[in-house]
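One structure is given below, encoded as structure tokens.
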Amino acid sequence: MDERANAMARVWQVVRAIPPGATASYGEVARRAGLPRRARWVAVALKAAPAAQRVPWHRVIGANGRIAFPAGSRLHREQARRLRAEGRTVAQGRVVAAARGARPGDLDEWLWKR
DNA sequence: TGTATGACCCTGA
DNA sequence: CTCAGGGCCATAC
């Protein structure tokens with residue numbers, strides 16, 4: 001099996017490891033998957049993720065705490081809906097940090113609800 | 001082969 | 001806070 005499929009599987013695994021209600025940034029996921037500086041590629045991997053893999057893609061957001069989809073798009077609304085369903089607050093396309101002083105995609109945020 | 005386009009990120013102004 | 005600039009890299013055409 002080639003490295004590409006391998007890396008993609010690692011990304012899905014990392015995303016599946018994000019607990020409900022928590023969020024991580026693309027860059028964070030990339031690092032945890034052993035693919036530093038490849039945040040962009042994480043997006044490609046998520047887009048290619050089969051529904052059967054049950055990858056919680058909605059828990060992955062930009063490093064700035066923003067939903068990456070264009071405001072108003074169908075997926076943007078879908079992601080906001082799912083996050084709110086897990087107890088998160090989304091305002092102006094931005095996910096409000098769960099912990100004071102932390103950013104939504106930080107490692108601190110990741111550990112927050114473990 | 002070359003260019004354009006993103007579900008990105010970081011730094012500096 | 002916003003904006004630009006540079007880096008990154010798979011995909012589409």
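Of the candidates A:Val44, A:Val29, A:Asn6, A:Val29 is the only one forming a side-chain contact (heavy atoms from CB on, under 4.5 Å) with A:Val11.
Using modelled atom types, no side-chain atom of A:Glu28 and backbone atom of A:Thr23 make a donor-acceptor pair closer than 3.5 Å. Between the side chain of A:Thr89 and the main chain of A:Val96, no donor-acceptor pair closer than 3.5 Å is present. Between the A:Arg59 side chain and the A:Ile18 main chain, a donor and an acceptor come within less than 3.5 Å of each other. Looking at A:Arg103, its side chain never comes within 3.5 Å of a backbone N or O of A:Ala97 through a donor-acceptor pair.
Between A:Arg82 and A:Glu78, at least one side-chain N (NZ, or NE/NH1/NH2) sits under 4.0 Å from a carboxylate O, which counts as a salt bridge.
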Just by protein heavy atoms under 4.0 Å, how would nucleotides 6-13 of chain C read 5' to 3' in B, S and -?
-BBSSS--
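With P as the reference atom, C:dG7 and B:dA7 are 22 Å apart, rounded to whole Å.
Less than 4.0 Å separates DNA chain B from at least one heavy atom of each of the following residues of residues 52-68 of chain A: A:Trp57, A:Gly62, A:Ala63, A:Ala68. If you check residues 70-77 of chain A against DNA chain B, you find no residue with a heavy atom closer than 4.0 Å.
A:Val90 and A:Arg84 get closest at one heavy-atom pair: O-NH1, 2.7 Å.
Atom CG of residue A:Asp106 and atom OG of residue A:Ser25 lie 7.5 Å apart, to the nearest 0.5 angstrom. If you take CD on A:Gln79 and CZ on A:Arg88, they are separated by 11.5 Å, rounding to the nearest 0.5 Å.
Residues meeting the side-chain contact (heavy atoms from CB on, under 4.5 Å) test with A:Arg94, sequence neighbours left out: A:Arg66. A:Gln53 meets the side-chain contact (heavy atoms from CB on, under 4.5 Å) test with A:Trp12, A:Arg16, A:Pro50, A:Val55; sequence neighbours excluded.
Between A:Lys47 atom NZ and B:dG6 atom P there is a gap of 9 Å when expressed in whole angstrom units.
The side-chain heavy atoms of A:Tyr26 and A:Arg38, taken from C-beta on, include no pair separated by under 4.5 Å.
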Anything under 3.5 Å between a protein N or O and an N or O of nucleotides 3-5 of chain B, put it in a table, one pair a line.
none

